[in-house]
Protein chains: 2
Amino acid sequence: MFTDEERAFIDKQRVAHLATADTDGSPHVVPIVYALVEGSFYFVIDEKPKKSRHNLKRLRNIAVNPRVAVVIDRYDEDWSRLGYLLVRGEATVVTNDNVYARVLEELRRRYPQYRQMSLKMDTNPMVGVAPFVKHFWLAAAV
Amino acid sequence: MFTDEERAFIDKQRVAHLATADTDGSPHVVPIVYALVEGSFYFVIDEKPKKSRHNLKRLRNIAVNPRVAVVIDRYDEDWSRLGYLLVRGEATVVTNDNVYARVLEELRRRYPQYRQMSLKMDTNPMVGVAPFVKHFWLAAAV
């Protein structure tokens, strides 16, 4: 689904932004750290305190409306270097142990911050976004 | 609406992310550069080519569904420095010349890149987001 150039861009950036919407069409957006595994984007809920982890707005929205958008972009004061990759896709909570473990490994490769954190499927929901549309834009190419 | 700490945070960051949704509740998200003027966030459409400026997905969504979310966040490899300000609000296209001029001045103060660009109300739509909910989060405060 992604070209080599897009993969390199995705790998290089550190933060993405996830937009969700509730059934009334009211949008929500949060920064996420992410991993790309087999063509899907994943993030894990590492928030404290414990009791809020399953009740976050992004998860409540996904439960009622799995359509999401994710943008990964590069900001630079030289605006000819601006760029973004936008995908629209469907979000699902990971329920497969093997997928959870594999994505966590990739998240820990990208983010050493996660290596010291205990993250488990029952306490730290992981969400995958399978893209069905992508749009890659580089200012310099316009 | 915003505290001094929030204003300082807003002023310091360079890029925000705007989430919109269409009438089917399908979300969209793009990076924006922004100015805060009298408690509202503003951005201007500077995209090329000309013909697309009034037909961008973010503008089409706002036309049918003015509810939007804007997040301004700080990423840092030291995750105790993560932070974000999230607002949900209503978006409207600016139609008042004075407001347009005043916001443009503030955008040009924040972004010297705009000083060389010709930006006019009839060719470069400006959108204001009046927040009705805000949430300010700093990792270090958790």
Side-chain angles (χ1 to χ4, degrees), chain A residues 13-33 46-49 52 57-58 61-62 64-80 82-91 110-114 116-117 132-133 135 137 139 142, chain B residues 13-33 46-49 52 57-58 61-62 64-80 82-91 110-114 116-117 132-133 135 137 139 142:
Chain A
Q13 312 312 315
R14 300 293 287 163
V15 60
H17 286 79
L18 169 80
T20 59
D22 62 21
T23 46
D24 292 332
S26 192
H28 187 70
V29 55
V30 286
I32 56 170
V33 296
D46 56 35
E47 267 86 352
K48 294 164 279 189
S52 73
K57 183 65 175 162
R58 79 205 72 162
N61 281 357
I62 287 168
V64 298
N65 177 6
R67 282 171 297 179
V68 303
V70 174
V71 70
I72 296 169
D73 56 279
R74 175 175 68 198
Y75 184 76
D76 194 289
E77 294 303 335
D78 172 1
W79 285 5
S80 74
L82 296 180
Y84 68 80
L85 177 84
L86 170 70
V87 300
R88 304 179 77 171
E90 183 163 320
R110 279 176 55 80
Y111 304 99
Q113 297 90 337
Y114 274 151
Q116 308 302 322
M117 257 184 244
F132 48 75
V133 180
H135 178 59
W137 178 86
V142 174
Chain B
Q13 311 312 314
R14 300 294 286 161
V15 60
H17 286 80
L18 168 80
T20 60
D22 61 21
T23 45
D24 292 331
S26 192
H28 187 70
V29 54
V30 285
I32 56 170
V33 296
D46 56 35
E47 268 85 353
K48 291 164 279 186
S52 74
K57 183 66 176 163
R58 79 205 72 161
N61 281 356
I62 287 167
V64 296
N65 176 7
R67 285 171 295 178
V68 302
V70 174
V71 69
I72 296 169
D73 57 278
R74 176 175 67 199
Y75 183 76
D76 194 289
E77 293 304 335
D78 173 0
W79 285 7
S80 73
L82 297 180
Y84 68 80
L85 177 85
L86 171 69
V87 300
R88 305 179 75 170
E90 183 163 323
R110 279 176 55 81
Y111 304 99
Q113 297 91 335
Y114 274 149
Q116 308 303 322
M117 257 186 243
F132 49 73
V133 180
H135 178 60
W137 178 86
V142 175

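In what follows, every chain begins at residue 1, and chains take the letters A, B, ... in the order their sequences are listed. This structure is a prediction, so every number in the text was calculated from the model and none was measured.
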* **Between B:V29, B:D22, B:V70, the one whose heavy-atom pairs under 4.5 Å with chain A are most numerous** =>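 The candidate making the most pairs under 4.5 Å is B:V29.
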* **Top contributor to chain A interface from B:P27, B:S26, B:A69, B:G25 [non-hydrogen pairs under 4.5 Å]** => B:P27
* Please lay out, stage by stage, how B:W79 and A:D46 fare under the test side-chain contact (heavy atoms from CB on, under 4.5 Å). => CA-CA 12 Å; B:W79 285 7; A:D46 56 35; 4.1 Å; yes
* **Contacting moiety of A:V33, where chain B heavy atoms sit under 4.5 Å** =>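 Side chain of A:V33 only, per the 4.5 Å heavy-atom cut-off to chain B.
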* Structure fact -> One should read off an interatomic distance between A:L82 CG and A:D76 CG, to the nearest 0.5 angstrom, of 7.0 Å
* Checking B:N61 against chain A: side chain, backbone, both or neither under 4.5 Å from a heavy atom? -> neither
* Please state whether the side chain, the backbone, both or neither of B:V15 comes within less than 4.5 Å of a heavy atom of chain A. =>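 Contact with chain A: side chain only.
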* To do: Under the salt bridge (charged side-chain N to carboxylate O under 4.0 Å, His left out) rule, collect the residues that match up with A:R88, sequence neighbours excluded.
  => none
* Could you tell me whether the side chains of B:Q116 and B:Y114 share a donor-acceptor contact shorter than 3.5 Å? => no
* Sequence-distant partners of B:Q13, side-chain hydrogen bond (donor to acceptor under 3.5 Å, both in side chains), two or more places apart ->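 B:Q13 satisfies side-chain hydrogen bond (donor to acceptor under 3.5 Å, both in side chains) with no other residue.
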